[in-house]
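Contents: one structure, followed by commentary.
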Amino acid sequence: MEYFINVLLPVATSGVYTYCSNNDLPAGVRVKVPLGRRTLVGISLGGTTAPTFECREILEIMDDTSIFSATWLAFIKRLSEYYAAPLGTTLHGVLSSKLINSIDVGASVHDEQERGENITLTPEQAEVVAKIPTKGYSTHLIQGVTGSGKTEVYLELAKKVIAEGKQALYLVPEIALTPQLVDRVQSRTGAKPALFHSKLSDKVRIASFWRFIRGEDNILIGPRSALFVPSTNIGLIIIDEEHENTYKQEETPTYHLRDMAILYASMLDIPIVLGSATPQVESIHNAQIGKYNIHYLRSRTGTAILPKLDIIDMKQNNLVAGIMAEPLYDKLCSTVENGEQAIIFLNRKGYSTSLFCSSCGAIMECLNCSV
């Protein structure tokens with residue numbers, strides 16, 4: 001009996017082509033198919049009705065069971081629709097051809113899981129952990145000052161999820177942050193986390209990809225690309241430093257990882273935790289209108305104390321040389337006199353873009369336009 005199967009290919013088109021097969025394939029199975037003069041690996045989207053044109057045959061079925069779940073395929077389709085990117089282009093953008101073509105070599109030698117280190121959380125940390133459920137979809141924003149122990153909250157939640165037989169996905173904004181997390185995560189959870197990012201060798205990336213899919217690794221740490229490793233057992237998504245611009249993908253498909261991770265968590269029906277000392281204004285707004293549950297960590301852990309901050313209104317102070325408020329100038333002078341150093345951070349370089357009144361703060365504008 002002949003069956004007709006829709007196959008999603010990682011090509012710069014809609015990406016869905018119909019092929020025939022002697023087997024009725026489920027969605028999520030990888031297959032090798034001809035496309036023009038090339039042979040490509042694609043993902044079966046399941047059976048379809050007989051087309052009006054002649055179909056080419058599927059050359060090889062690469063998996064015995066579905067690797068990509070129906071939820072994962074629906075997630076990729078939603079991403080494609082929301083950002084108006086062709087489905088084939090979207091697949092090519094979120095999974096490299098080497099990963100799609102890779103072979104699962106089976107279970108590998110795995111480090112024996114150790115007993116995770118138990119630490120005493122601060123009352124603030126314990127309160128936040130208690131308020132975040134590990135079952136069902138919910139979005140949580142942790143606004144914590146630098147040094148308040150947001151990572152300890154993440155890892156305590158990850159431990160709870162792992163104890164329930166689930167996996168945790170820990171997303172970071174930069175590759176450089178992954179090595180320093182590994183030892184800390186392992187000591188706290190007892191499991192060595194897998195790393196997944198573009199600077200790893202192909203062999204290591206492919207091994208991490210399949211180990212997480214098989215459930216051998218309980219935690220996967222990585223930047224944007226780690227979100228698209230298609231495990232069916234994810235129980236928690238963590239986005240550290242959610243305010244970072246590096247979570248925005250600039251190549252097609254262009255997407256914001258924070259928003260896509262929240263969408264994915266809702267489709268998986270699991271909690272997602274966002275953390276930052278300075279959350280994005282959109283995240284603060286979503287917390288204010290009730291879309292996110294917000295939690296605060298206002299104190300630093302241990303003996304660390306918060307620095308004293310002074311906010312100076314430039315309109316209410318005399319400016320030295322027209323650019324620097326007198327209190328800042330005086331502090332800089334005393335610092336230098338004491339033989340100490342100072343650092344001045346500027347939010348931009350260049351000249352002022354507007355002229356304002358130093359008395360009332362009114363900005364001068366053209367009578368005929370807004371310049």
Heavy atoms only: give me the nearest Ser208-Leu195 pair and the separation to one decimal. OG-O, 2.9 Å
Which is it for Thr189 and Asn218 under the side chain to side chain contact (heavy atoms under 4.5 Å, CB included) test, yes or no, and what are the steps along the way? CA-CA 9 Å; Thr189 64; Asn218 293 321; over 6 Å; no
Side chain to side chain contact (heavy atoms under 4.5 Å, CB included) between Leu9 and Arg38: does it pass, once the steps are laid out? CA-CA 12 Å; Leu9 296 174; Arg38 297 179 293 170; over 6 Å; no
Identified side chain to side chain donor-acceptor pair (under 3.5 Å) partner of Ser283 from the options Glu242, Lys291, Gln288: Glu242
Take atom OH of Tyr82 as the centre, draw a 6.0 Å sphere, and report whether it contains more than 12 heavy atoms from other residues, nucleotides or ligands. no
What's the separation between atom OG in Ser69 and atom CG in Leu268, rounded to the nearest 0.5 Å? 7.0 Å
Report the residue from His243, Gln143, Lys150 that forms a side chain to side chain donor-acceptor pair (under 3.5 Å) with Ser276. His243
Using the salt bridge (charged side-chain N to carboxylate O under 4.0 Å, His left out) criterion, which residues pair with Asp64? Sequence neighbours excluded. none
Side-chain (Thr90) to main-chain (Pro86) donor-acceptor, under 3.5 angstrom: yes
Minimal non-hydrogen separation, Ser102 against Ile206, with atom names: CB-CG2, 3.7 Å
Does any non-hydrogen side-chain atom of Arg298 lie less than 4.5 Å from one of Ser148? no
Does the Thr335 side chain pair with the main chain of Lys331, one donor and one acceptor, at a distance under 3.5 Å? yes
Could you note down all residue pairs passing ring-ring contact (aromatic ring centres under 6.0 Å, His included) where residues 266-301 supplies at least one of them, sequence neighbours left out? His140-His295
Who pairs with Tyr264 by ring pair (Phe, Tyr, Trp, His ring centres under 6.0 Å), at least two apart in sequence or on another chain? Phe75
Quick one: ring pair (Phe, Tyr, Trp, His ring centres under 6.0 Å) partners of Tyr170, sequence neighbours excluded? Tyr154
Has Gln125 got a side-chain atom pairing as donor or acceptor with Gly149's backbone, closer than 3.5 angstrom? yes
Given Leu236, which of Ile132, Ile272, Ile162, Leu157 fulfils the side chain to side chain contact (heavy atoms under 4.5 Å, CB included) condition? Leu157
Would you say that more than 12 heavy atoms from the other residues, nucleotides or ligands in this model lie under 6.0 Å from the CD of Glu340, or not? yes
Would a 4.5 Å heavy-atom cut-off, applied to side chains only, mark Leu95 and Phe68 as touching? yes
What I'd like to find out is whether the side chain of Tyr137 reaches to under 4.5 Å of the side chain of Asp269, using heavy atoms alone. yes
Residues sharing Met364's hydrophobic cluster, by side-chain heavy-atom contacts under 4.5 Å among ILVMFWY, directly or via others? Leu355
Flag the pair Glu244 and Arg258 as a salt bridge only when some basic side-chain nitrogen lies within less than 4.0 angstrom of an acidic carboxylate oxygen. no
If you count every heavy atom of other residues, nucleotides or ligands that lies below 6.0 Å from Lys77 atom NZ, does the total exceed 12? no
Tell me whether Arg78 at atom CZ has more than 12 heavy atoms from other residues, nucleotides or ligands lying less than 6.0 Å away. no
Whether Lys166 and Glu164 form a salt bridge (side-chain N of Lys/Arg under 4.0 Å from carboxylate O of Asp/Glu) is what I want to check. no
Neighbour count >12 (heavy atoms, 6.0 Å) for atom CD1, Ile363: no
Can you establish whether the number of heavy atoms outside Glu250 located under 6.0 Å from its atom CD is more than 12? no
Does any N or O in the side chain of Asp63 come within less than 3.5 Å of the main-chain N or O of Val29, such that one atom is a donor and the other an acceptor? no
Among all residues two or more places apart in sequence or in another chain, which pass the ring pair (Phe, Tyr, Trp, His ring centres under 6.0 Å) test with Phe196? none
Heavy atoms of other groups near Tyr83 OH, more than 12 under 6.0 Å: yes
